[in-house]
There are 2 protein chains.
Amino acid sequence: MTTDIRPLRADAQRNLERILASARALFAERGPAAQMEDIAAHAGVGVGTLYRRFPTKEALVTALVRERFQQFGLIAAECERIEDPYDALATMMRRHAESTEGDVAFQLAMLKLNDFHWEGIEQDKAALNAVVSRIIERAQAADQVRADLAVEDYGMMMCGVTATMHFMSERHEWRRHLDLILAGLKPS
Amino acid sequence: MTTDIRPLRADAQRNLERILASARALFAERGPAAQMEDIAAHAGVGVGTLYRRFPTKEALVTALVRERFQQFGLIAAECERIEDPYDALATMMRRHAESTEGDVAFQLAMLKLNDFHWEGIEQDKAALNAVVSRIIERAQAADQVRADLAVEDYGMMMCGVTATMHFMSERHEWRRHLDLILAGLKPS
DNA sequence: GGTCAAGTGGAATCGAGATTCCGATTCAGG
DNA sequence: CCTGAATCGGAATCTCGATTCCACTTGACC
């Protein structure tokens, strides 16, 4: 259906990689406002080439956002292996934030996650949610976080931390924000 | 220098008020993306009329943001009169958030406060900061919030709450966010 | 009720970017 | 080496809003 089973021509494959690398770099640095012409130039190709691979700018951004979002799942899975229940939760939040830190476009993407749509996004979200749920419940069972903390709160808290990261001028201020939030999670 | 001391002609004054009302309504509803033509139409005037009062869209937005920002100062001053030191801080945060709730453009403006410039913005910020400082220090003196809470944290915390308000779908979720943050402020 | 500076409406202009087009190139297979 | 489908490049086109312009009104003052 959707698939050209045939692999890309060698030069096209090479160009695709350069385009992705340039897009990652420029969106990370300038946010979603980075321009298609600039990305093409940075990759050393014409805009036409870029549009041959991605029908719209949105498709390109989405591909990159998805890529990173899936890393969130991996991070969560890794943190689930941490023995200390509270540490597992705190570390997951910190590592999720850290993986967002260098990418301005991704920060905004996480804030506006609802605006994104890709094949299987629901599964991706559900998978992440499942792990987060387990981590939260484990910490609750150990009586290390308030019993009323819900999975839905996770997105909310990360939204706050990400906003600090994105909008406030001082770099690393978000770590302070995360600390305050973590303090608020202790059982009352 | 800058001032036409002469008052506006009666019809112009009337139109100015309608323009401001329409701009408040549309920016509040659609955010800063609300279009100049729409605002003019909503006010029942031509775009030219609108541009006669405000040289650019930015000037119009800034005027409205400033207006609301100054209310922040009033709110803070009112909250300073609350006897209970903790309640004063908590109520101020809640009321600041509430005054932001209905206005999408203002939410974004607070998030990007650094992008705004108006005559005396520094004074406005300093005045607000002074009150917030006093409220925080009073709560600390009463040993009701952690001793290391700083004025700079106030903007950060409000940034998080405002981001939740602006980006998350569920209305009023920000109240939950604020509760978590307030919980984190208790002395450890 | 006459004058004119202030005010008005809204079509036309501009600028910034995304997206399209198509003649010129370049790989892959034989 | 030949051929054709896949790729390229990048100028030209399109779109969408903000902003400008100016012939036409209107309120204020005599």
Side-chain angles (χ1 to χ4, degrees), chain A residues 2-27 29-65 104-105 108-109 115-117, chain B residues 2-27 29-65 104-105 108-109 115-117:
Chain A
T2 54
T3 40
D4 286 328
I5 315 178
R6 168 175 342 195
L8 288 177
R9 227 168 67 176
D11 57 339
Q13 177 64 40
R14 202 178 319 127
N15 280 335
L16 173 57
E17 276 152 22
R18 307 184 62 179
I19 286 171
L20 284 171
S22 297
R24 283 190 203 100
L26 292 190
F27 283 133
E29 176 188 330
R30 307 180 194 173
Q35 294 172 211
M36 295 299 262
E37 304 239 21
D38 289 348
I39 292 171
H42 186 278
V45 303
V47 273
T49 302
L50 195 163
Y51 276 94
R52 166 165 298 273
R53 297 296 156 229
F54 300 92
T56 64
K57 181 178 184 174
E58 192 187 355
L60 175 55
V61 173
T62 299
L64 296 179
V65 168
V104 177
L108 254 183
D115 296 357
F116 284 83
H117 304 285
Chain B
T2 54
T3 39
D4 286 328
I5 315 179
R6 168 173 341 194
L8 288 177
R9 224 167 69 175
D11 58 340
Q13 177 63 41
R14 202 178 319 128
N15 280 336
L16 173 57
E17 275 152 21
R18 307 184 61 178
I19 286 171
L20 283 171
S22 297
R24 282 190 203 100
L26 292 190
F27 282 132
E29 177 188 330
R30 307 181 193 172
Q35 294 172 210
M36 295 298 264
E37 304 239 19
D38 289 348
I39 292 170
H42 187 278
V45 303
V47 273
T49 303
L50 195 163
Y51 276 94
R52 165 164 297 273
R53 297 295 156 229
F54 299 92
T56 64
K57 182 178 184 174
E58 192 187 354
L60 175 54
V61 173
T62 299
L64 297 180
V65 168
V104 176
L108 255 182
D115 296 356
F116 283 82
H117 304 286

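Throughout, a chain's letter reflects where its sequence line sits, starting with A, and its residues are numbered from 1.
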Can a side chain N or O of N15(A) be found less than 4.0 Å away from OP1 or OP2 on dT7(D)? no
Please report the closest heavy-atom contact between R53(A) and A12(A), naming both atoms and the distance. NH2-CB, 3.3 Å
Name all residues meeting the side-chain contact (heavy atoms from CB on, under 4.5 Å) criterion together with D115(A); count only those two or more places apart in sequence or in a different chain, and write none if there are none. K112(A)
Review item, nucleotides 21-23 of chain D N/O atoms under 3.5 Å of protein N/O:
none

The criterion is salt bridge (charged side-chain N to carboxylate O under 4.0 Å, His left out); which residues satisfy it with R52(B), sequence neighbours excluded? none
Protein proximity profile, nucleotides 24-30 of chain D - base contact B, sugar-phosphate-only contact S, no contact -, cut-off 4.0 Å on heavy atoms: --BSS--
Between the main-chain N or O of Q35(B) and the side-chain N or O of K57(B), is there a donor-acceptor pair closer than 3.5 Å? no
Between C1' of dA6(D) and CG of L50(A), the distance in whole Å: 17 Å
Of T49(A) and E37(A), the one whose closest nucleotide on DNA chain D sits nearer the 5' end is T49(A)
Quick one: side chains of residues 41-51 of chain A, donor-acceptor pairs under 3.5 Å with protein atoms, not counting sequence neighbours, listed by atom name and distance.
| unit_1 | atom_1 | unit_2 | atom_2 | d |
| --- | --- | --- | --- | --- |
| H42(A) | ND1 | S22(A) | OG | 2.7 |

side-chain contact (heavy atoms from CB on, under 4.5 Å) involving E58(B) - partner list, sequence neighbours excluded: T56(B), T62(B)
Contact between F116(B) and V61(B) at the side-chain level, heavy atoms closer than 4.5 Å - yes or no? yes
If I take atom CG from residue N15(B) and atom CG from residue L8(B), how far apart are they, to the nearest 0.5 angstrom? 10.0 Å
Listed by chain and number, what are the side-chain contact (heavy atoms from CB on, under 4.5 Å) partners of A34(A), not counting sequence neighbours? L26(A), F27(A), R30(A)
Kindly write out the residues that satisfy salt bridge (charged side-chain N to carboxylate O under 4.0 Å, His left out) with R9(A), not counting sequence neighbours, or none if the list is empty. D11(A)
Point-to-point distance, once rounded to the nearest 0.5 Å, from CD1 of I19(A) to CG of L60(A): 8.5 Å
Quick check: do R24(A) and L64(A) have side-chain heavy atoms less than 4.5 Å from each other? yes
Check each residue of residues 57-64 of chain B for a non-hydrogen atom within less than 4.0 Å of any atom in DNA chain C, then write out the ones that pass by number, or none. none
Give me the first and last nucleotide of DNA chain C, going 5' to 3', that has any atom under 4.0 Å from a heavy atom of chain A. dG17(C) to dA28(C)
With sequence neighbours left out, the residues meeting side-chain hydrogen bond (donor to acceptor under 3.5 Å, both in side chains) with Q13(A) are E17(A)
